[in-house]
Structures are given as C-alpha cells and as structure tokens.
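What you see is a predicted model, and the numbers here were worked out from it, not measured in a lab. Side chains included, hydrogens not; waters and symmetry mates left out as well; all remaining heavy atoms used. Proteins come first, then strands; the chains are lettered A, B, ... in the order of their sequence lines, and each starts at number 1.
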2 protein chains.
Amino acid sequence: MLLSPPMRRAKVAAAKKKTAYHHGDLRRALVTAATAAIEEAGEGALTLREVARRVGVTHPAAYRHFEDKTALLAAVAEEGYVVLADAIERALGAASSRPRERLRALAVAYVDFAVRSPAQYAVMWGPRFNTDGRFPSLEAAIRRVYELVAREVERGQAEGDLRPGQTRDLAIGLWVVGHGYVELVARRRIRVKSREKAIEYFLTLFEPWLDGIAVKR
Amino acid sequence: MLLSPPMRRAKVAAAKKKTAYHHGDLRRALVTAATAAIEEAGEGALTLREVARRVGVTHPAAYRHFEDKTALLAAVAEEGYVVLADAIERALGAASSRPRERLRALAVAYVDFAVRSPAQYAVMWGPRFNTDGRFPSLEAAIRRVYELVAREVERGQAEGDLRPGQTRDLAIGLWVVGHGYVELVARRRIRVKSREKAIEYFLTLFEPWLDGIAVKR
DNA sequence: ACCTGAACACCGTTCAAGT
DNA sequence: ACCTGAACACCGTTCAAGT
C-alpha cells in the first residue's frame with residue numbers, strides 16, 4: 001500500500017531519528033553537544049555524561065566513537081582550528097593586496113574568532129594534547145592555521161614591506177601577540193566592554209608590533 | 001626527671017610533628033604540597049584528596065582552611081605571583097639604568113619564572129578566578145606584578161627612550177608578548193631544547209617589539 | 001555494528017562526632 | 001579550635017549483554 005507524501009515524510013523522519021546514530025552521526029552529535037556545553041558552562045564543567053545526556057544516549061555509547069574524554073576534547077579543538085582557518089581564509093580573500101593590511105585582517109579574524117568562542121578557544125589551548133602524535137589530525141589543523149600566517153609574512157617580505165630574514169620568527173611573533181592578547185582578554189586581565197572594543201584595542205597594541213617588523217622607507 | 005639534650009630535641013621534634021598542624025601550619029603545608037603535586041603531574045591531575053594524603057591528613061581537614069578546591073588553587077596562584085614579583089624586583093635591582101635594558105631584564109625574569117614552573121604558571125592563568133572579588137589578595141598579587149611593568153615603562157617614557165602616550169598600552173603590550181610567548185612554549189607550539197634556549201629565542205622575538213615602541217634617534 | 005545496564009574506583013563536599 | 005569517619009551525589013571507564 002502506498003503512503004501519501006506527508007505520511008512518507010513523517011515515517012522517514014521517525015526512522016531517521018531512531019537510527020541516525022547508527023550511521024556515524026553520534027560522533028558529530030557528541031562534538032557539537034560538547035562544544036555547546038563548554039560554551040555555556042566552561043571547560044571545567046564539562047562531563048562526558050552531560051554530553052551524552054544532551055544527545056539523548058547513555059554515556060558509555062561515547063566510547064564507541066572516542067577513546068576517552070581527552071579524545072572528545074581533541075575533536076572539539078580540531079573543529080575549532082578548522083573553523084578558525086576558514087575564517088582567516090575568508091578575511092584574506094576580502095582584504096587588499098597590501099601586506100600590512102593583510103596581516104591586520106588576518107589578526108583581526110583570529111582575535112574575532114577567539115572572543116566569539118572563548119571557551120572553545122580555551123580548549124584549543126588545553127594542556128592535554130601535548131603527548132606527541134596522539135592526535136595527528138588536530139596537529140594538522142593547527143599547522144594549517146600556522147601556514148596561513150607564515151604565507152602572509154612571506155608575502156610581506158617578498159614585497160619588501162617586512163624585515164627580511166627568518167619568516168618563521170616573524171610568524172611566531174605574530175602568533176605570540178595574537179594569542180597573548182586573546183588570553184589577557186579571556187582571563188580578564190584587560191576589561192573590554194564589547195567584542196568590537198576588544199578588536200579596536202587589539203589594533204592599538206598591534207600597530208607598534210607591525211612598526212617593529214616593518215621596513216622603514 | 002631531666003632529659004639529656006639529644007632526647008629533649010627528639011621529644012620536641014616529635015611533639016612538633018604531631019601538633020604542628022594545630023598552629024595554622026596546615027594551610028601552608030597544603031599550598032606547598034599542592035604546588036609540588038601540580039608541578040609533578042599537571043593541574044588536571046590534582047585532587048584535594050591527594051594533597052591531603054601528601055600532607056598526612058584526612059581530606060576533609062582541608063576544608064578548615066580553604067572554602068573549596070578552587071580556593072586552594074587560588075592560594076597556589078597567589079603564591080606564584082608573589083614569587084614572580086620578587087624575581088622581577090631582584091632582576092631590576094641588578095640591571096643597569098638604561099630603560100631598554102631594564103625592560104629586557106624584566107621580561108627575561110618573567111619568562112624564566114614561567115619556564116621553570118610551568119604548571120604553577122598555568123594555575124596562575126586558570127579560568128577559575130574570574131568571579132569578581134572572590135580572591136582579593138590574589139588580585140593584589142597580580143596587580144603588584146603589573147605595577148612593576150608599568151613603572152619601568154613610565155621610566156622609559158620619562159627618559160625619552162619609549163614612545164610617549166598611554167603608559168598602560170605599552171605595559172599591556174609587554175605583558176601580551178611575554179605571556180603569549182610563554183604559552184606557545186608551554187603548549188609546545190614552539191619546541192625549545194632548554195630553558196636557556198627558550199630565553200634566547202624569546203629575546204629574538206622581543207627585540208622587534210622593543211623597536212616598535214622605541215623612539216628613534 | 002552500535003548501544004544499554006550494571007559495576008568499579010575515585011572524586012568534591014558535608015556533617016556529626018571525637019580530642 | 002582543629003581533625004576524623006562516614007556518607008552523598010557525581011564522575012570516567014570497563015564490560016557483559018542486548019538488538
């Protein structure tokens with residue numbers, strides 16, 4: 001017997017709801033739920049059991065997709081780096097071709113991501129992922145962000161706007177300034193009234209650093 | 001009956017061992033044990049029960065001296081800032097009177113502390129202490145470090161070696177660079193072979209920043 | 001192949017009871 | 001005043017059992 005279109009749709013939806021987690025969706029659902037939970041209550045408050053509750057599954061189910069709690073957090077961190085790299089690429093795509101302006105756009109995209117998703121950003125700098133080689137895809141995601149920074153610095157050097165010499169040192173320096181600023185804001189060592197003000201004040205601190213690595217002419 | 005001096009000493013020591021924690025020493029002992037435990041196993045591995053075990057006391061005893069686990073960590077952090085401020089003062093005492101050199105000495109003392117006590121440094125930047133006004137003595141200890149930085153920047157401006165304008169912006173900028181660098185090292189975004197190399201490479205990154213805030217002449 | 005139910009060792013916190 | 005013993009609710013992890 002044929003079902004009318006509305007009923008068929010309802011059936012499909014019900015079947016989907018019931019079996020969705022049998023098709024590899026649980027992994028995604030757990031990462032998404034964990035990210036949301038962290039952004040709401042902070043990283044310290046995150047429990048595997050709470051994440052499972054949010055997704056509507058018993059907590060040992062998570063172990064089918066993640067070796068342990070650290071692996072779940074690593075997935076949250078990795079997703080963060082992917083989103084960050086995408087945001088930086090978008091910002092660079094919209095920027096002019098003047099190296100100094102491009103570095104500014106890159107740094108603003110970085111700070112903007114961090115102040116929008118402070119808890120996820122904190123996970124991305126968590127102390128758990130130092131064990132070498134445990135999370136290679138996380139390390140690749142980090143490297144992608146670093147390469148974006150290094151490429152822009154290289155471009156600036158090639159055009160003669162930035163100091164010649166070790167590209168890496170300038171790229172690391174840029175990362176230091178960006179991350180250091182974000183941390184001071186996140187830990188309330190600096191009080192800012194809004195995300196806009198956070199970026200505005202960042203540029204105040206960033207300009208002298210740019211001056212320091214620029215070629216005077 | 002009189003006891004011979006060696007026996008009296010033994011008795012006093014035993015009595016001291018047995019009753020020392022009744023004189024307010026338990027607080028100190030807990031902070032010291034917590035700092036050691038963190039430096040050994042990382043902040044995440046720290047439990048109140050383990051700290052109590054190390055000190056040789058049942059774990060609820062800690063609650064006589066700290067409202068909760070966070071308060072104990074706040075004490076560890078506060079002690080860290082005090083030690084750091086002392087180290088900076090010592091470094092400035094031994095430095096020349098040339099502003100730029102003094103800023104270098106200050107920054108080196110900061111980085112040196114952080115790479116010597118990475119876990120304690122991490123606690124000092126823990127996310128738990130943001131609740132306003134909960135740990136006023138911790139906030140005072142942080143402010144003491146900041147004031148040391150600000151005073152040196154002011155001195156450099158007064159002598160015409162650093163850009164005029166908002167002292168605070170330059171002081172915050174310096175803090176950003178120092179903290180950002182320490183974090184990149186601690187989180188293994190930069191690999192350094194030794195503490196000495198860590199400071200050496202820091203100076204490489206620091207010099208351009210100094211150039212950026214220096215007055216050319 | 002994927003999830004549940006039950007169990008284990010451990011944790012932070014509370015509180016009545018001991019000295 | 002300061003510490004202990006016992007209890008509570010909760011956690012991460014494991015594993016046999018269900019579909």
Side-chain angles (χ1 to χ4, degrees), chain A residues 14-35 37-38 40-77 123 126-129 131 134-135, chain B residues 14-35 37-38 40-77 123 126-129 131 134-135:
Chain A
K16 214 173 189 174
K17 198 175 183 183
K18 228 183 176 177
T19 61
Y21 300 150
H22 291 264
H23 298 85
D25 275 21
L26 182 52
R27 200 196 138 89
R28 272 238 64 73
L30 288 169
V31 174
T32 305
T35 306
I38 285 166
E40 282 169 32
E43 187 184 350
L46 184 86
T47 71
L48 219 63
R49 292 165 110 111
E50 168 62 18
V51 174
R53 254 175 247 130
R54 281 173 182 248
V55 173
V57 89
T58 61
H59 66 276
Y63 286 85
R64 194 64 40 186
H65 300 275
F66 297 99
E67 206 185 335
D68 54 22
K69 191 185 174 183
T70 299
L72 172 58
L73 283 168
V76 171
V123 173
R128 294 170 202 71
F129 314 127
T131 322
R134 183 162 177 209
F135 303 109
Chain B
K16 214 172 189 176
K17 200 174 184 185
K18 229 181 174 180
T19 60
Y21 301 149
H22 291 264
H23 299 85
D25 275 21
L26 182 52
R27 199 195 139 90
R28 272 237 65 73
L30 289 169
V31 173
T32 305
T35 306
I38 287 167
E40 282 169 33
E43 187 184 350
L46 184 86
T47 70
L48 220 62
R49 291 164 109 112
E50 168 62 18
V51 175
R53 255 176 247 129
R54 280 172 183 250
V55 173
V57 89
T58 61
H59 66 275
Y63 286 85
R64 194 66 37 188
H65 300 275
F66 297 100
E67 206 185 338
D68 54 23
K69 191 185 176 183
T70 300
L72 172 58
L73 284 168
V76 171
V123 173
R128 296 170 200 72
F129 314 128
T131 322
R134 186 167 174 206
F135 304 110

Nearest-0.5 Å distance that lies between atom [atom1] in [X] and atom [atom2] in [Y]:
| X | Y | atom1 | atom2 | value |
| --- | --- | --- | --- | --- |
| A:H65 | A:L30 | NE2 | CG | 6.5 Å |
| A:T70 | A:F135 | OG1 | CZ | 6.0 Å |
| B:H59 | B:R53 | NE2 | CZ | 9.0 Å |

Using whole Å, report how far [atom1] of [X] lies from [atom2] of [N].
| X | N | atom1 | atom2 | value |
| --- | --- | --- | --- | --- |
| B:H65 | C:dT13 | NE2 | P | 16 Å |
| B:L46 | C:dC10 | CG | P | 16 Å |
| B:R27 | D:dA1 | CZ | C1' | 17 Å |
| B:R49 | D:dA9 | CZ | C1' | 12 Å |
| B:K69 | D:dC11 | NZ | C1' | 12 Å |
| B:Y63 | D:dC2 | OH | C1' | 16 Å |
| B:E67 | C:dG12 | CD | P | 16 Å |
| B:D25 | D:dC3 | CG | P | 10 Å |

Side chain proximity check, A:F66 to A:V31, heavy atoms < 4.5 angstrom:
yes
pair B:T35-B:V123: side-chain heavy atoms closer than 4.5 Å
no
Now, which nucleotide makes the Watson-Crick or G-U wobble pair with C:dA1, with each of the two distances under 3.5 Å?
D:dT19
Across every strand shown, the nucleotide meeting Watson-Crick or G-U wobble geometry with D:dG12 (both distances under 3.5 Å) is C:dC8
Is there a side-chain contact between [X] and the phosphate of [N], meaning an N or O under 4.0 Å from OP1 or OP2?
| X | N | value |
| --- | --- | --- |
| B:T58 | D:dC3 | no |
| B:H59 | D:dG5 | no |
| A:R53 | D:dC11 | yes |

With nearest nucleotides of DNA chain D determined for A:P60 and A:R64 from heavy-atom distances, which residue corresponds to the more 5′ nucleotide?
A:P60
Given C:dT13, C:dA7, C:dT4, the nucleotide with the shortest approach to the side chain of B:L48
C:dT13
B:L26 has its side chain closest, among D:dC3, C:dT14, D:dT13, to D:dC3
